[in-house]
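Only a predicted model underlies this, so the values are computations on that prediction, with no experimental measurement involved. Protein chains get the first letters and strands the later ones, always in sequence-line order, with residue 1 at the start of each. All heavy atoms count here, side chains included; hydrogens, waters and symmetry mates do not.
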Protein chains: 2
Amino acid sequence: MERLPKKERHRRLARLIEDNPFITDRELTRLLKVSIQTIRLDRLELGIPELRERIKLMAERSFDAVRSLPLHEVIGEIVDLQLDRSGISIFEIRKEHVFSRTGIARGHHLFAQANSLAVAVINDEVALTATADIRFIRPVRLGEKCIAKAYVRSSGKRKARVEVATYVGEEMVFQGNFLIVRSAGAQQDGGGDRLADRD
Amino acid sequence: MERLPKKERHRRLARLIEDNPFITDRELTRLLKVSIQTIRLDRLELGIPELRERIKLMAERSFDAVRSLPLHEVIGEIVDLQLDRSGISIFEIRKEHVFSRTGIARGHHLFAQANSLAVAVINDEVALTATADIRFIRPVRLGEKCIAKAYVRSSGKRKARVEVATYVGEEMVFQGNFLIVRSAGAQQDGGGDRLADRD
DNA sequence: GCCCCTCTTAACACCAGGTACTAAAACCAG
DNA sequence: CTGGTTTTAGTACCTGGTGTTAAGAGGGGC
C-alpha cells in the first residue's frame with residue numbers, strides 16, 4: 001500500500017466525512033491506511049470537528065428547521081381587529097426566524113405576518129390572497145418586534161384591497177398591498193385563490 | 001422540596017426531553033430534584049434513549065431528508081441551479097402547510113419557496129429581496145408538488161430582476177417578480193433589505 | 001412490632017469517541 | 001549527515017452515558 005501525499009489524503013478525508021458524517025476516526029484509519037493520530041491531526045488542520053460535534057450540528061440545524069417550518073395558522077399575535085376596517089398584529093423575531101449567519105429575519109416571515117393579518121381583517125368565512133405587492137424596506141433583526149398595521153382601503157363584494165405596513169418602533173420595515181378575495185367557493189387564502197387577476 | 005409522585009415525574013421528564021432533546025441527565029436532576037440514578041431509571045422505564053442516541057436519531061432523520069439539498073436555508077428542494085441564469089425547486093405541500101379546514105396551502109409557503117429560489121439563483125454571497133410582486137393564480141392543495149422555475153431577467157451590478165413561476169403539473173399556480181439586491185453590506189434576504197425602492 | 005415491597009440513592013467498573021500533550025520514529029531534502 | 005516535516009505511539013483526561021450491586025427510605029399489611 002503506497003502512501004498518499006498529505007494534500008491528497010486531506011481531500012479524501014474531507015470528502016469521506018462530507019458524504020458520511022457518521023464515520024468515526026477509527027473507521028477512517030482503515031480507509032486511508034494511516035494511524036488514528038494522523039486522522040486527528042488532519043481533522044485539526046482541516047477544522048473538521050469530531051464525530052459527536054458533527055452529529056450535534058446536524059441535529060441542531062434540523063431542529064431549527066422543524067421549529068421554524070410550522071408557519072401555522074396565524075403568524076403574529078393579533079392585538080386589534082376591526083373587521084373590514086383595520087387590524088394590528090405583533091410578531092417578535094426569534095432565532096428560528098433569522099438566517100443564522102446574519103441574524104436577519106427571512107422575508108417570508110414578515111410576509112406571513114402581513115398576509116395573515118390581511119386575510120384576518122376581511123370579514124368573510126373564506127378569504128384568499130389573490131395578489132400582493134410588497135416591499136422589504138429594511139432588514140429586521142433578531143429580537144425586534146414587528147408591528148403590522150392593516151387598513152382596508154376599498155372593499156367590494158368580492159375583492160378588497162388591504163394595505164399593510166409593518167413597523168419596528170417608529171420605523172417602517174415592510175409594506176405591502178394585498179388584494180383579498182372573499183368566498184370564491186371553497187378556498188381560503190394561502191395557495192392563492194381562484195381569481196388572481198383573471199376573474 | 002416536596003417529592004413528586006413517580007407518574008407525574010415521568011410526565012415531566014418526557015415533556016422536558018421532548019422540547020429540549022439536547023438536555024443531559026445531569027441537567028434533568030436539577031430540574032426534577034432527584035438523583036441522576038433516578039433519572040436514568042426513569043428513562044429506562046420510559047424507553048427514552050440517552051442524549052447521544054437522541055441527537056444521532058435526529059441527525060440521521062435529517063440527513064436522509066436533507067442530503068439532497070446542500071442549500072440548507074432554502075424552502076423547497078433545489079434540483080437545478082444555473083447561477084445568475086435560472087433555477088428550479090420542488091416543494092411538496094404537506095399537511096403542515098395547509099389550512100386544516102380547507103386543505104389549501106397557505107400563501108406564505110408558496111411565497112417562501114419562490115423567494116428562496118429567487119435569492120438562491122443570484123450568484124452573490126449576500127442577496128436580499130427588495131420588492132416582490134406576486135399573484136396566487138389558483139389554490140394549491142394538500143399533496144400537490146409545486147415546481148418553481150426562476151429566470152433571471154436582468155442582472156445589474158446591484159440589482160437583479162428574477163421571475164418565478166410555480167407549477168403543479170402543467171398548471172401555473174403562482175407567479176412572482178422579485179427584485180433582488182446583491183451585497184448591500186452585511187445583510188441577506190429575508191427581513192427585506194436596505195434598498196427596497198429608496199436606494 | 002416486623003416483614004416485604006417499591007422507590008430512590010450511592011458507588012464502582014466500564015465504554016465510545018474523542019481532546020491534549022509528550023515523545024519517538026520515519027522520511028525527505030539540501 | 002543533519003534539520004525539518006510528517007507520522008505514529010502512548011498516556012492522561014473528558015463527557016455522558018450503561019450495567020451492576022448494594023444499601024437506605026418510606027410505606028403497607030398483619
Verdict with supporting geometry, B/E53 and B/K56, salt bridge (Lys or Arg N to Asp or Glu O under 4.0 Å) = CA-CA 5 Å; B/E53 288 305 312; B/K56 200 173 170 189; 5.3 Å; no
Distance in angstrom units between B/R26 CZ and C/dT9 C1', rounded = 14 Å
Out of D/dG17, D/dA9, C/dT9, which nucleotide sits closest to the side chain of B/V34?
-> C/dT9
Atom CG of A/L51 and atom P of C/dG18: how far apart are they, to the nearest Å?
-> 5 Å
Is the shortest side-chain N/O distance from B/R40 to OP1 or OP2 of C/dT8 below 4.0 Å?
-> no
Please report, rounded to the nearest Å, how far the C1' atom of D/dT7 is from the NE2 atom of A/H10.
-> 11 Å
Contacts of A/E45 and B/E50 projected onto DNA chain D by closest heavy atom; the upstream (5') one is A/E45
Would you mind classifying the nucleic acid contact of A/T38 as base, sugar-phosphate or nothing, using non-hydrogen atoms under 4.0 angstrom?
-> base
No-H, no-angle donor-acceptor pair, B/R52 side chain to D/dG17 base, under 3.5 Å | no
With respect to the side chain of B/L41, which nucleotide from D/dT7, C/dT8, C/dG18 is positioned closest?
-> C/dT8
Find the distance A/I36:CD1 to D/dA9:P and express it as a whole number of Å.
-> 11 Å
Do B/S89 and B/Q113 have a side chain donor and acceptor closer than 3.5 Å?
-> yes
Could you give the CD-to-P distance, from A/E53 to C/dG18, as a whole number of Å?
-> 10 Å
Whole-Å distance between C/dT6 C1' and B/K6 NZ?
-> 8 Å
Kindly determine whether B/R43 and B/T38 satisfy side chain to side chain donor-acceptor pair (under 3.5 Å), including the steps that lead there.
-> CA-CA 9 Å; B/R43 272 199 301 101; B/T38 302; over 6 Å; no
Could you tell me whether A/R43 contacts a base, only the sugar-phosphate backbone, or nothing, with contacts defined as non-hydrogen atoms closer than 4.0 Å?
-> sugar-phosphate
Regarding A/K145 and the six-membered ring of A/F91, is the cationic atom NZ or CZ under 6.0 Å from the ring centre and inside 45° of its axis?
-> no
Can you tell if the side chain of A/P21 reaches within under 4.5 Å of the side chain of A/M58, non-hydrogen atoms only?
-> yes
Write down the distance between CD (A/Q37) and C1' (D/dT6), rounded to a whole number of angstrom.
-> 13 Å
Round to the nearest Å and state the distance from A/L44 atom CG to D/dT7 atom C1'.
-> 15 Å
